[in-house]
Amino acid sequence: MLTLGIETSCDETGIALYDSGGGLLGESLHSQVDLHARYGGVVPELASRDHIRRIVPLAREALARAGRRLADVDLIAYTEGPGLAGALLVGASVAAGLGIALGRPVVGIHHLEGHLLSPLLADPPPSFPFVALLVSGGHTQLMAVEGVGRYALLGETVDDAAGEAFDKTASLLGLAYPGGPALALLAQSGDPRRFAFPRPMMASDDLDFSFSGLKTSVLHCVRKQDLDDRGRADVAASFQAAVVDVLGAKCLRALEATGMQTLVVAGGVGANAALRERLQRDTARIGARAFFPPPRLCTDNGAMIAFAAALRHREPPPGTGTFTVRPRWDLAALA
Ligand code: KG4
Ligand code: ZN
């Protein structure tokens with residue numbers, strides 16, 4: 001079964017073709033980072049318009065890379081939510097139009113389910129059950145995953161998401177949006193022990209997170225002194241160390257609480273090298289294993305949407321002729 005995946009929930013237009021027998025055949029992606037950089041964040045209306053401009057050429061490109069034609073597609077999958085309503089509607093309506101034109105079924109996929117299952121594209125893939133750490137720009141959650149569609153929330157952030165904390169801290173350091181990758185790069189040359197930033201909720205018994213206090217603490221630190229390049233690198237490294245400490249501690253606690261042996265990490269912050277290294281080391285120490293999607297599949301992409309749809313629908317489901325988007329959508333409520 002050949003599945004076409006369409007991702008347009010935020011600021012990346014991603015298209016991919018996944019074959020249930022042959023794996024990922026073709027991918028194309030356009031990031032709107034440059035478009036939004038001057039505004040310091042994603043401008044929803046600009047995002048929607050750019051998705052409209054890019055989506056058809058990207059679909060053609062993905063098909064060409066896969067060496068397939070539209071008529072070969074058996075199932076069309078799009079991101080139904082959560083995300084920006086206008087951006088989601090672009091992918092949803094293109095998917096619906098293709099479904100009608102080709103006479104193929106169209107299915108909506110939960111964006112976070114796409115992230116959550118994307119580590120299964122790693123070689124070798126993890127097996128169920130596992131604890132999943134979802135760390136993106138909008139979400140920080142620990143889930144217990146028993147199988148496809150069987151997700152239980154273990155804990156989540158009570159305020160900012162980890163990616164949001166990276167982005168806001170990067171902005172305080174004068175780095176361009178989205179700051180996560182830039183901050184990680186700057187941190188490489190800094191001293192992670194120079195500033196003792198707080199590790200919020202690290203000692204609490206639950207599996208929840210909080211990152212807004214950490215960000216405020218960085219703000220005070222940056223305001224208090226005139227930092228040179230060295231100092232900025234030290235702030236970046238110290239901030240990253242605090243986030244990695246908290247995420248690492250809570251992942252271990254989640255493995256302990258569930259008795260599971262496998263941790264998978266997904267979402268944009270999962271591309272962070274310091275986090276990957278820490279989780280590899282910590283899980284190995286307790287005899288568990290950590291799995292990560294390839295870094296290019298950590299951030300938003302069409303492949304995870306096609307893949308999640310192919311796992312959920314082993315056979316093409318009957319077409320319904322309708323589509324919907326859900327800007328807010330609870331993953332644990334997914335059946
Ligand atoms: O999953 P994603 O592409 O989009 C959402 O669904 O949110 O995640 C984007 C987030 C941004 O906050 C970005 O700064 C962060 O992931 N990010 C990183 C790194 N690469 C992306 N954060 C830290 N280190 C990185 N290497
Ligand atoms: Zn995402």
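Read the numbers this way: they start at 1 and go in the same order the structure lists the ligands and their atoms.
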TODO: Measure from atom 9 (C) of ligand 1 to every heavy atom in G137, A273, G267, G138 and give the option owning the shortest one.
DONE: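 The option holding the nearest heavy atom is G137.
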
Side chains of [Y] and [X]: any donor to acceptor distance under 3.5 Å?
X: D160; Y: S212; value: no
X: H51; Y: T13; value: yes
X: N272; Y: Q240; value: yes
X: Y151; Y: E113; value: yes
X: K168; Y: T216; value: no
X: S9; Y: E7; value: yes

TODO: Test R232 against every option in D229, D234, D228 by the salt bridge (Lys or Arg N to Asp or Glu O under 4.0 Å) rule and name the one that passes.
DONE: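 Of all the options given, the one that passes is D229.
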
Open item on the list: For F239 and F166, take the angle between the two ring planes, folded into 0 to 90°, and tell me which bin it lands in: parallel under 30, tilted 30 to 60, perpendicular over 60.
Closed with: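 Ring orientation of F239 relative to F166: perpendicular.
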
Open item on the list: Parallel, tilted or perpendicular, judged at 30° and 60°: which one describes the rings of H111 and H115?
Closed with: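 Ring orientation of H111 relative to H115: perpendicular.
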
Would you mind running through ligand 1 and noting each atom that sits below 4.0 Å from a heavy atom of [X]?
X: H115; value: 1 (O), 6 (O)
X: G163; value: 12 (O)
X: T299; value: 3 (O)

Closest approach of any protein heavy atom to [atom], naming residue and atom:
atom: atom 13 (C) of ligand 1; value: D167 OD1, 3.7 Å
atom: atom 22 (N) of ligand 1; value: G180 CA, 3.6 Å
atom: atom 1 (O) of ligand 1; value: G268 N, 3.0 Å
atom: atom 2 (P) of ligand 1; value: D300 OD1, 3.5 Å
atom: atom 24 (N) of ligand 1; value: N272 ND2, 3.0 Å

Open item on the list: Using a plain distance cutoff, I'd like to know if G179 has any nitrogen or oxygen under 3.5 Å from a nitrogen or oxygen of ligand 1.
Closed with: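 Among all N and O atoms of G179, none is under 3.5 Å from an N or O of ligand 1.
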
Open item on the list: Under 3.5 Å between any N/O of E12 and any N/O of ligand 1: does that happen in this structure?
Closed with: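 No, no N or O pair falls under 3.5 Å.
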
- [ ] Check all N, O or S atoms of D300 and name the one closest to the Zn ion (ligand 2).
- [x]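 Of the nitrogen, oxygen and sulfur atoms in D300, the Zn ion (ligand 2) lies nearest to OD1.
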
- [ ] Using 2.8 Å as a strict upper limit, say whether an N, O or S atom of H115 approaches the Zn ion (ligand 2) that closely.
- [x]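 H115 does place an N, O or S atom closer than 2.8 Å to the Zn ion (ligand 2).
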
TODO: Give a yes or no on whether C10 keeps an N, O or S atom under 2.8 Å from the Zn ion (ligand 2).
DONE: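 Given the 2.8 Å cut-off, C10 does not count as a ligand of the Zn ion (ligand 2).
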
Task: Electrostatic pair D191-R230, nearest N-O below 4.0 angstrom - done: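 So D191 does not pair with R230 through a salt bridge.
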
Task: Min heavy-atom dist H111 to ligand 1 below 4.0 Å - done: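 Distance cut 4.0 Å: H111 passes for ligand 1.
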
